[in-house]
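Just below is one structure, and these are the notes that go with it.
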Amino acid sequence: MSIVVVGSVAFDSIETPSGRVDHALGGAATHFALAASYFTQVRVIGVVGEDFTAANEDVLKKRGVDTSGIEHVAGKSFHWTGSYTRTLNEADTLATELNVFETFTPKIPASYCDSEFLFLANIDPKLQARVRREMPKVKMVCGDTMNYWIKDHSAALAEVLVDLDVLLINDGEAKMLAEDANLVRAAKKILGMGVKTLIVKHGEYGATVFFSERSFPGAKPEAHATPFRAPALPLAEVVDPTGAGDSFAGGFFGYLASKKGELTPGNFRKAMFYGGVMGSFAVEKFGTERTQKLTREEIDARFEQFRALSHLD
Ligand code: AMP
């Protein structure tokens with residue numbers, strides 16, 4: 001059950017209270033692919049420049065990720081510079097150098113066309129819509145976006161939302177998208193835009209999934225009436241929050257894909273926990289360092305910690 005992910009493959013320069021890194025491997029597609037690779041086969045579509053080395057690509061290949069959809073072109077790779085010194089909950093973007101990403105036109109290798117799952121990472125909604133159109137056979141599509149696209153590209157974004165199985169966005173973005181400061185009302189409005197299921201991420205406080213009657217085809221109405229909240233793991237030190245959201249998405253979607261996209265309430269709930277598990281690992285070290293070298297045992301042990309954290313006898 002393979003997932004195709006389209007998004008940024010990048011270098012990140014990051015400053016946090018724990019230190020700083022310069023040009024660490026990053027990008028939404030990279031974080032997503034590494035996290036999801038512990039659950040299922042992942043195939044990446046992206047673009048990089050001449051500064052992206054074979055060693056960088058090997059990080060993905062070592063996890064079994066198919067990189068044949070990463071296009072190599074002349075110029076420099078996307079470079080994001082961010083700081084978390086003001087608050088660990090939100091990055092202050094200091095610079096976004098699009099470089100080769102500015103003219104990115106996603107190309108889908110023929111070998112990816114039998115994939116059943118698609119993740120549209122945070123990129124121009126016009127490109128998200130295009131990839132979606134070019135992969136008509138996928139049976140489940142999850143997507144992400146950010147305030148920039150919500151604010152200035154709402155018409156293009158609306159076209160993506162209308163056809164999305166799961167939208168994953170953070171709290172503030174959900175309220176901005178719905179133009180409503182109340183989360184429950186905001187969720188209802190977003191589900192009314194066509195999104196079948198909405199996941200709202202609350203950073204260090206976990207994530208909530210809001211269902212619609214289209215979340216579980218054929219299920220009883222009670223199945224979608226109540227949202228479900230999964231915790232985040234309280235950690236003594238968050239070294240670098242970059243990529244937590246994409247790692248959450250990787251754990252969530254990777255798990256659902258490993259269950260063949262069987263959309264039962266139970267699978268959704270477990271997927272939310274696996275999302276939290278992968279997000280919690282991502283923030284323990286800078287960049288992708290922690291997510292590169294996990295074991296299935298570590299993932300399962302942390303899943304049990306999540307279960308204990310919120311279990312009621
Ligand atoms: P998150 O999971 O939200 O922390 O995503 C962080 C990743 O998104 C970083 O590795 C960045 O390289 C990438 N990123 C930051 N800004 C953008 C952007 N405007 N478009 C695409 N990717 C971005």
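We count ligands from 1, going down the list as the structure has it; atoms in each ligand are counted the same way.
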In order of chain and number, which residues sit within 4.0 Å of ligand 1 by heavy atom? Ser8, Ala10, Asp12, Gly26, Gly27, Ala28, His31, Phe78, Trp80, Asn122, Met146, Thr242, Gly243, Ala244, Gly245, Asp246
Exercise: do Asn122 and Thr145 side chains pair donor with acceptor under 3.5 Å: no
Indicate whether the side chain of Glu57 and that of Thr67 have a donor and an acceptor atom separated by less than 3.5 Å. yes
Sequence neighbours left out, cut at 3.5 Å: what donor-acceptor pairs do the side chains of residues 244-259 make with other protein atoms?
from	atom 1	to	atom 2	distance (Å)
Ser247	OG	Gly243	O	2.7
Ser258	OG	Tyr255	O	2.6

Apart from Met146 itself, its cluster of hydrophobic side chains linked below 4.5 Å comprises Tyr148, Trp149
Given the rule in the side chain to side chain donor-acceptor pair (under 3.5 Å) test, do Ser212 and His224 qualify, once you have shown the distances and angles that lead to the verdict? CA-CA 6 Å; Ser212 75; His224 55 76; over 6 Å; no
In chain order, what residues pass the ring-ring contact (aromatic ring centres under 6.0 Å, His included) check against Tyr205, with sequence neighbours excluded? none
